[in-house]
Number of protein chains: 2
Amino acid sequence: MGESRAPAGGATTGTTDDAGPTAEGLAASWPARLRGLAGWLVNKTAVHSHRLNAEAFTAVGSRRFHYALLASLDEFGSSSQADLGRRCGYDRSDVAAMVNELVQAGHVERAQDPADRRRNIIAITPAGRAWLARLDVVAADLQDAFLAPLDARERAELIRLLTRVLEHHTALHGFARDPNPSTH
Amino acid sequence: MGESRAPAGGATTGTTDDAGPTAEGLAASWPARLRGLAGWLVNKTAVHSHRLNAEAFTAVGSRRFHYALLASLDEFGSSSQADLGRRCGYDRSDVAAMVNELVQAGHVERAQDPADRRRNIIAITPAGRAWLARLDVVAADLQDAFLAPLDARERAELIRLLTRVLEHHTALHGFARDPNPSTH
DNA sequence: TGCTAGTGTTGGCGACACCAACGTTGGTGG
DNA sequence: CCACCAACGTTGGTGTCGCCAACACTAGCA
């Protein structure tokens, strides 16, 4: 468990004499307590990732969740909105609006399930598949820009560690308040 | 790239005999495209981190940014609100409201800088230092819970990789739209 | 037949990052 | 001296995001 306690603080001098904000010296401008907190690093990194994602996807007139939903439909096949939300980690409420967008764009089709009239069957259209291929390129470029300062081994290691942490908390807390996959 | 078609209700990875959503089988329920995207992993992980932070800090009647601001004041000494925001990555607008909260709680004091009447000098109070020590414990427990599935070496490696990525994008885009440190 | 549970939809809430404007103040160059 | 620009703090607003509450509808079961 964590043994490190409160680091040395109380530098009440207030004289910040550093002048060069070079890449290495940049981290020094952050409070040491925060620099060592993985949660803080993850949050701040996620902000940058979110900004990069937003820029790249809006540049092609799309959104982040478009890619997530289309990818899920392509890999797992047609799903209900609830399953879609469980797989991608979205709330059912939000999935409804997201699917509306995708339907209006012609990337998916919404049809009532004849076997279970509660459900909507969401299916990806050929146009949606073409769009997904386009977004695959966007995502690949995004990945490369996001992980730019890391080499191949480090990128794989970061993904591995993040996956471990994410799986752990997903198992504990659930993805979208419903840990059970369908298996209906 | 992938044209993997899958039937609707099928758990295609049926080879594993696991019946429950164990840690390893859980990731298989996410779209493969998303599983490999570092940005997606970071964002989802940040959501869990954010939830853990919120739970832990509200449990003691505090907030996440309380810790960040108090830590900055303790380590760098009294600062203006603008410097405070730059160090912790907050917008000046939000810092104003945050400082209001801390002032009302008695953890910091706000005084006009006699040398520069534009600035407010924010200083941590003894009560604020005591509160910071309390929050240090909360943060340490948080770190341990967040990184639970990782051993010491992996934790250090994850922090190192995240720091590299974060520094890179901070240098490129700036932390809070103002890459220049004081250098007044 | 009732009851429970899952589904889709609407609406709202709170946190967060970010931006725009305004009045105030410091510093600088004409 | 005065005009101009830059920085500061404050208010208010915007958009995203995750999440919850309620409702009507339907399926499955005792």
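Note that the coordinates shown come from a computational prediction; the quantities given were computed from them, not determined experimentally. Because only heavy atoms are used, hydrogens play no part in the values below, and waters and symmetry mates are left out as well, while side chains stay in. In what follows, chains carry the letters A, B, and so on, assigned in the order in which the sequence lines appear, proteins first and then strands, with residues in each chain numbered from 1.
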*Asks:* Return the set of residues passing side-chain hydrogen bond (donor to acceptor under 3.5 Å, both in side chains) with B:Thr58 (not counting sequence neighbours), or none when no residue passes.
*Replies:* none

*Asks:* For D:dC8, does the base pair up with any side-chain atom of B:Asn120 as donor and acceptor (N or O, under 3.5 Å, distance only)?
*Replies:* no

*Asks:* Any side-chain N or O of A:Arg64 less than 4.0 Å from the OP1 or OP2 oxygen of D:dG15?
*Replies:* no

*Asks:* Kindly work out whether a path of hydrophobic side-chain contacts (I/L/V/M/F/W/Y, heavy atoms less than 4.5 Å apart) joins A:Ile121 to A:Phe76.
*Replies:* no

*Asks:* Round to the nearest Å and state the distance from A:Asn43 atom CG to C:dC18 atom P.
*Replies:* 13 Å

*Asks:* At less than 3.5 Å, do the side-chain atoms of B:Ser93 and the base atoms of C:dC19 form a donor-acceptor pair?
*Replies:* yes

*Asks:* Which whole-number value in Å describes the distance from A:Arg92 CZ to D:dC25 C1'?
*Replies:* 15 Å

*Asks:* Report the distance from atom CG of A:Asp94 to atom P of C:dG14, rounded to the nearest whole Å.
*Replies:* 17 Å

*Asks:* Counting just side-chain N and O atoms, does B:Arg51 come under 4.0 Å of either OP1 or OP2 of C:dG14?
*Replies:* no

*Asks:* Which pairs, with at least one residue in residues 96-107 of chain A and sequence neighbours excluded, count as a side chain to side chain donor-acceptor pair (under 3.5 Å)?
*Replies:* A:Arg63-A:Glu101, A:His66-A:Glu101, A:Asn100-A:Arg110

*Asks:* Test: ring pair (Phe, Tyr, Trp, His ring centres under 6.0 Å). Region: residues 133-162 of chain A. Which pairs qualify, not counting sequence neighbours?
*Replies:* A:Phe146-B:His169

*Asks:* Assuming nearest nucleotide by heavy-atom distance, tell me which of B:Asp113 and B:Arg63 is located more 5' along DNA chain C.
*Replies:* B:Arg63

*Asks:* By nearest atom, which of the nucleotides C:dA17, D:dT16, D:dG9 is closest to the B:Tyr90 side chain?
*Replies:* C:dA17

*Asks:* The criterion is side chain to side chain contact (heavy atoms under 4.5 Å, CB included); which residues satisfy it with B:Ala82, sequence neighbours excluded?
*Replies:* B:Ser80, B:Arg86, B:Arg92

*Asks:* Roughly how far apart are B:Leu41 CG and B:Trp30 CH2, rounded to 0.5 Å?
*Replies:* 7.0 Å

*Asks:* Quick check on DNA chain C: between A:Asn100 and B:His50, whose nearest nucleotide comes earlier from the 5' end?
*Replies:* A:Asn100

*Asks:* Take atom CE of A:Met98 and atom P of D:dC17, then tell me their distance rounded to the nearest Å.
*Replies:* 7 Å

*Asks:* For B:Val47 and B:Ala97, take the nucleotide of DNA chain D holding the closest heavy atom to each; which residue's nucleotide lies nearer the 5' end?
*Replies:* B:Ala97

*Asks:* Just the rounded figure in Å: distance from P of D:dT10 to CD1 of B:Ile122.
*Replies:* 8 Å

*Asks:* Please give, in whole Å, the distance from D:dC8 C1' to B:Arg110 CZ?
*Replies:* 12 Å

*Asks:* Using atom NE2 of A:His173 as one end and atom P of D:dG18 as the other, report the distance to the nearest whole Å.
*Replies:* 13 Å

*Asks:* Out of D:dG9, C:dA15, C:dA17, which nucleotide sits closest to the side chain of B:Ser80?
*Replies:* D:dG9

*Asks:* So does B:Glu109 have more than 12 non-hydrogen atoms from other groups sitting under 6.0 Å from CD?
*Replies:* no

*Asks:* Would you kindly give the CZ-to-C1' distance between B:Phe65 and C:dA17, to the nearest whole Å?
*Replies:* 14 Å

*Asks:* For B:Ser49, enumerate each residue passing the side-chain hydrogen bond (donor to acceptor under 3.5 Å, both in side chains) test, keeping only those at least two apart in sequence or located in another chain.
*Replies:* A:Asn43, B:Asn53

*Asks:* I want to verify a distance call: between C:dC16, C:dG8, D:dG18, whose nearest atom is closest to the A:Gln81 side chain?
*Replies:* C:dG8

*Asks:* Would you please confirm or rule out a distance under 4.0 Å between OP1 or OP2 of C:dT7 and any side-chain N or O of A:Arg119?
*Replies:* yes

*Asks:* Look at the side chain of A:Asp91 and the base of D:dC17, then say whether one donor and one acceptor between them are separated by less than 3.5 Å.
*Replies:* no

*Asks:* What does the list of N/O pairs under 3.5 Å between the protein and nucleotides 26-30 of chain D look like, with a distance for each?
*Replies:*
from, atom 1, to, atom 2, distance (Å)
D:dT26, OP1, A:Arg117, NH2, 3.2
D:dA27, OP1, A:Arg117, N, 3.4

